[in-house]
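To start, the structure itself, in structure tokens.
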Amino acid sequence: MLKISIRILVIFLHLVLVFIHESFPKHWIVKTLPITFTSPFQPNNIKQICSLISEESSKEKNLCLTYPNMMVSIVYGAKLGLVECAQQFKYERWNCTFNKSFPKIMTNHLHEMTTRSVKETAFLFSIWSSGVVYSITNSCSKGDLKECYCDPQRHGQDKDNVGDFTWGGCSDHIKFGMKVSTIFLDNYDRKDQTGQALMNQHNNRVGRRVVWKTRLKKCKCHGVSGACSLRTCWQRMNDFRRIGDMLKKLYNKPQKVTYNPFQKSLTFSKNRFRRPSKKKLVYIDNSQDYCIQDPSIGHPGTGGRECNYTSSQHDSCQELCCHRGHLTYEMVVEENCDCKFFWCCEVRCKICRRKVFVYRCKHLE
Ligand SMILES: *[C@@H]1O[C@H](CO)[C@@H](O)[C@H](O)[C@H]1NC(C)=O
Ligand SMILES: *[C@@H]1O[C@H](CO)[C@@H](O)[C@H](O)[C@H]1NC(C)=O
Ligand SMILES: *[C@@H]1O[C@H](CO)[C@@H](O)[C@H](O)[C@H]1NC(C)=O
């Protein structure tokens, strides 16, 4: 009797899980990640990518098939965003679960995150949308896409606080990248006007805005004997690392918002007459602490993570291991030492062994 009711319960739970799973289709970025991480990414994966995207909507599939090279660049941009996410959160409990050897854990967790409204979701969407701007704009400048090239508006004479200058060379067509990023990311959420969808669109815009706001103007001086009487300038995006730094700063100071179902808009949680700032990342729900394994969000917890015994930052053993304690491992590392130079041209070294301690967070007992 007990056995049968357990079996019924299992079947029931299975159905519930299937239902939950069905009600949140995977975001196309999450679907394409395993392809971009496991195989060397090649343009001929594009058919596969388009068919993954098409499950969402035929509109996106048509775009995908019409602009295959652009699609390659878009998917590459999303990957760029995720790699930057891993770099920015390397020392924190939540690290985008970036682990190439376990793409399944990574994609499952990222899928769960895209269905939530926490500040980590905000960061992910902003870094993905800025990654797409970055990648598309770079492809334009390199002449890889037939749909775009350098910014046609940056030409001729212009003026800045130093004086007159001439636009020359190739200026990054950032606005074009922003447009493509909007089409491919915001459209995904435009279908429904839930709080979550509005939050994603807001954070997508923040990501794009950061690429625009951190752009640089590079100039070269011409003129007799170094006098800067003539200047030629061009517009460049900043390093993607700087864009990541900026978004990480915004992640540290996000704005909490509430969905207002009557106006179909987001307002400040503390003051429902204020709209969130377009400069800030927004979130609706509070995050969990990511300390222990949590199957509901596919997060493995921090058990087994390497922590820093001497640090007082996020990577300290206390904070990373959530005060569960850590285990100390003694390891022997081999390295070159006593190197001597022999004429000519050889360096011979001895191999020295050195003991080091490695600290790893305990799993929950
Ligand atoms: C990926 O995870 C496995 C198991 O948790 C770990 O052994 C490996 O070092 C991780 N790789 C990276 C790059 O963190
Ligand atoms: C990120 O965190 C996850 C889970 O805590 C861990 O498995 C993975 O190895 C970490 N990745 C890196 C690069 O440290
Ligand atoms: C640990 O943290 C200290 C202080 O922040 C730093 O100097 C050191 O390089 C870190 N060690 C490792 C292995 O990351």
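Each ligand, and each atom within it, is numbered from 1 in the order the structure gives. Just so it is clear, the model here is predicted, and its values are computed rather than measured.
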* Asked: Which ligand 2 atoms, with their elements, are less than 4.0 angstrom from a heavy-atom of Pro300?
  -> 4 (C)

* Run the disulfide bond (SG atoms under 2.5 Å apart) check on Cys148 and Cys140 step by step: do they pass? -> CA-CA 5 Å; Cys148 60; Cys140 295; 2.0 Å; yes

* Run the numbers for me: atoms of ligand 2, each under 4.0 Å from some heavy atom of Asn99, listed by number. => 8 (C), 9 (O)

* Interfacing atoms of ligand 2 (cut-off 4.0 Å, heavy-atom, Gly301) -> 4 (C), 5 (O)

* **Exceeds 12 heavy-atom contacts within 6.0 angstrom, atom NZ of Lys249** => no

* **Criterion side-chain contact (heavy atoms from CB on, under 4.5 Å) on Ile136 and Ile74, from CA distance to verdict** => CA-CA 6 Å; Ile136 286 287; Ile74 287 171; 3.8 Å; yes

* Can you name the nearest heavy-atom pair linking Asn69 to Asp144, along with the distance? -> ND2-O, 4.3 Å

* **Taking atom 4 (C) of ligand 3 as the reference point, the nearest protein heavy atom with its distance** => Ser311 CA, 4.2 Å

* Taking only heavy atoms of Phe98, which atoms of ligand 2 are found under 4.0 Å from at least one of them? -> 11 (N), 12 (C), 13 (C)

* Please say whether the positively charged group of Lys119, taken as NZ for Lys or CZ for Arg, lies over the ring of Tyr251, i.e. under 6.0 angstrom from the six-membered ring centre and within 45 degrees of the axis. => yes

* For atom 2 (O) of ligand 3, is some protein heavy-atom partner under 4.0 Å away? -> yes

* **Heavy-atom protein neighbour under 4.0 angstrom from atom 11 (N) of ligand 3** => yes

* To do: Give the numbers and elements of all ligand 3 atoms closer than 4.0 Å to a heavy atom of Asn308.
  => 1 (C), 2 (O), 3 (C), 8 (C), 10 (C), 11 (N), 12 (C), 14 (O)

* If we only count N/O pairs under 3.5 Å, is Thr302 in contact with ligand 2? -> no

* Give yes or no for whether the N/O distance cutoff of 3.5 Å, strictly under, is met between Arg93 and ligand 2. => no

* Within 45° cone of Phe268 ring axis and under 6.0 Å: Arg275 NZ or CZ -> no

* Asked: Which ligand 3 atoms, with their elements, are less than 4.0 angstrom from a heavy-atom of Thr310?
  -> 1 (C), 2 (O), 3 (C)

* To do: Please confirm whether Arg208 makes a cation-pi placement over Trp212, using NZ or CZ under 6.0 Å from the six-membered ring centre and within 45° of the ring normal.
  => no

* To do: Could you go through the side chain to side chain donor-acceptor pair (under 3.5 Å) check for Thr258 and Thr267 one step at a time?
  => CA-CA 5 Å; Thr258 307; Thr267 55; 5.2 Å; no

* With backbone taken as N, CA, C and O and side chain as the heavy atoms from C-beta onward, which portion of Lys90 lies under 4.0 Å from ligand 2: side chain, backbone, both, or neither? -> neither

